[in-house]
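Reminder, nothing fancy here: chain letters follow the sequence lines and each chain counts from 1.
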Number of protein chains: 2
Amino acid sequence: MQSYTEENYLKTIYHLAEKTINVQTNAIAEQMQTKPASVTDMIKKLADKGLVDYIKYQGVTLTETGKNTAIDIVRKHRLWEVFLVDKLNFKWDEVHDVAEELEHIKSIELIERLDEFLGFPKADPHGDPIPDKNGRFAKTQFIKLIELTIGDQGTITGVTQHSSAFLKHLEKLGLTLGKKIQISDVTDFDGSVEILLSDKQVNISREVAKHILISSNGKN
Amino acid sequence: MQSYTEENYLKTIYHLAEKTINVQTNAIAEQMQTKPASVTDMIKKLADKGLVDYIKYQGVTLTETGKNTAIDIVRKHRLWEVFLVDKLNFKWDEVHDVAEELEHIKSIELIERLDEFLGFPKADPHGDPIPDKNGRFAKTQFIKLIELTIGDQGTITGVTQHSSAFLKHLEKLGLTLGKKIQISDVTDFDGSVEILLSDKQVNISREVAKHILISSNGKN
DNA sequence: AAAAATTTTTAGATTTACCTAAAAATAAAA
DNA sequence: TTTTATTTTTAGGTAAATCTAAAAATTTTT
């Protein structure tokens, strides 16, 4: 059984490990809004519990057990987000903080039943995949919108930026999950992308395009 | 903003205050499964925060602020219980522990929306009243089943005992919320009560009868 | 490869919520 | 009204998670 805090460390390490193999102390500290010294303390504790492998000055990796625990927290977080949006009518930019608390409620039965109540969703309101109760993710293949070229079409199926500002911006442009789009132009000057969205033209910056995930249907 | 633990103390004091005016240190300790010395520490802290009035050796009472905070936690607890039973199909004897955790999630918006999603319920699965967002309880008038006499009829609307054993027992006898009953006999020997429950005869002990609340329709 | 910069760890404190053991206050019994 | 019993508080200590400041290891630069 892990404490609330230990769970948050595991989750943070899990997410950081998606980008680098060995997760560094400073990276964890920044992500968790704490100091490196505190991270070192906690890492030792997690290592003692067999949840991470740790070599001094070399950063950490999750053990099998640690990874499973982390995935379970991610599962809870994303299921609660679906609940908040689908059942309680929260907007996709409003759910993160509450889910951050709900993810620590520790009843297996609760999550099983919630999963069923929600119809076993495969993705959360931002398109992030929800692992099943065995920790397995459904295979999905996304392309970043920025990688598409003129004429390509597809469906918006996720975002890689979860800030409220970004999500509100997309909402205002009408770029929400499930919308079908086609690339009509890419500006040479600033790399901004012109999108055809149900007969409406929308222009998005290169920065925005980087953070939208598309399930591609290939060329028109 | 109160800690998880402070909230639990306030809730416990609130419930104990339903029976006695001044709540004693030992009573709190027993209820919270902790030691009297720890209770004294916490009481001082709550007094400093203006949540309880405290005179050494004389026990505590909640201040207005303390009481409002406690009622808010009770509201959350009971709304989550309704959610668990109505939406996730938990049994009424399975919900307490999970609600005990959920009640500490601290988003006002969440509770407002949950309340609405559940159709603004007035009572939880055990018949306990749910205060509205202003902390007001709907007026209800219950009679303990034990106080009824032969011929009296009414509807089961609550219980004053929440143990899983008790609730499972009632369930097995068919004595669940909303059921209409009539007293057909009261045994002199042991005070046990004979009940007519939709043409079925059920006998319950005096001890059980004490903990069932009836909204009475008066004599037949 | 030595110097400088960065990252990480150690050492020693702090805060919260708890504990035990002993002292003090209050209540009950003789 | 003493004595006894009970309740409550104080004093001093522990564990978890944090902190700051300084030391140690690693990496980068010159």
Asker: Testing the 3.5 Å rule here: is there a donor-acceptor pair between the side chains of B:E207 and B:S205?
Answerer: no
Asker: Do the side-chain N and O atoms of B:W80 and B:E101 include a donor-acceptor pair separated by under 3.5 angstrom?
Answerer: no
Asker: Nearest whole Å is fine: how far is D:dT8 P from B:N22 CG?
Answerer: 10 Å
Asker: Output yes when at least one side-chain N/O atom of A:Y9 is less than 4.0 Å from OP1 or OP2 of D:dA16, else no.
Answerer: no
Asker: Under 4.0 Å, heavy atoms only, any strand: does B:T40 hit a base, just the sugar-phosphate, or nothing?
Answerer: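 Base contact.
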Asker: Using distance alone, with no hydrogens and no angle criterion, decide if B:H126 and B:E81 have a side-chain donor and acceptor under 3.5 Å apart.
Answerer: yes
Asker: Is the shortest side-chain N/O distance from B:S3 to OP1 or OP2 of C:dT16 below 4.0 Å?
Answerer: no
Asker: Nearest whole angstrom, please: distance from the C1' of C:dT16 to the CD of B:Q2.
Answerer: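 In whole Å, C:dT16 C1' lies 15 Å from B:Q2 CD.
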Asker: Strictly below 4.0 Å: does B:K44 bring a side-chain N or O up to OP1 or OP2 of D:dT10?
Answerer: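 For D:dT10, OP1/OP2 do have a side-chain N/O of B:K44 under 4.0 Å.
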Asker: Quick one: do the A:H104 and A:N8 side chains pair a donor with an acceptor below 3.5 Å?
Answerer: yes
Asker: Rounded to whole angstrom units, what separation is found between the CG atom of A:D48 and the C1' atom of D:dA16?
Answerer: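 About 14 Å, once rounded to whole Å.
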Asker: Between C:dT26 atom P and B:I55 atom CD1, what is the distance in whole Å?
Answerer: 11 Å
Asker: If you draw the axis of the six-membered ring of A:F117, does the NZ or CZ of A:K87 fall within 45° of it and under 6.0 Å from the ring centre?
Answerer: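 Here A:K87 passes the 6.0 Å and 45° test against A:F117.
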Asker: Which part of the nucleic acid, if any, lies within contact of A:Y4, taking any heavy atom under 4.0 Å across all strands shown: a base, the sugar-phosphate backbone alone, or nothing?
Answerer: nothing
Asker: Are side-chain heavy atoms of B:Y57 and B:T25 found at a separation under 4.5 Å?
Answerer: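 No - every pair of side-chain heavy atoms lies 4.5 Å or more apart.
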Asker: Distance check: side-chain N/O of B:Q24 vs OP1/OP2 of D:dT8, anything under 4.0 Å?
Answerer: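 For D:dT8, OP1 or OP2 has a side-chain N or O of B:Q24 closer than 4.0 Å.
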Asker: Any side-chain N or O of B:N26 under 4.0 Å from OP1/OP2 of D:dT6?
Answerer: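 Negative; the distance criterion is not met.
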Asker: Regarding B:S107 and B:E109, do their side chains bring together a donor and an acceptor under 3.5 Å, going by distance alone?
Answerer: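 On atom types as modelled, these side chains do not qualify, holding no pair under 3.5 Å.
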Asker: Taking the minimum atom-to-atom distance to the side chain of A:D41, which one of D:dT10, C:dC18, D:dC19 wins?
Answerer: D:dC19
Asker: Where along nucleotides 20-27 of chain D does protein come under 4.0 Å, by heavy atom, of base (B) or sugar-phosphate alone (S), with - for untouched nucleotides?
Answerer: B---BSS-
Asker: Take the protein atom CD1 of B:I28 and the nucleotide atom C1' of D:dT9, then report the distance between them rounded to whole Å.
Answerer: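 The distance from CD1 of B:I28 to C1' of D:dT9 comes to 14 Å, rounded to the nearest Å.
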Asker: Which is true for A:T5 with a 4.0 Å heavy-atom rule: it touches a base, it touches only sugar-phosphate, or it touches nothing?
Answerer: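 If one applies the 4.0 Å heavy-atom cut-off, A:T5 turns out to touch the sugar-phosphate alone, with no base involved.
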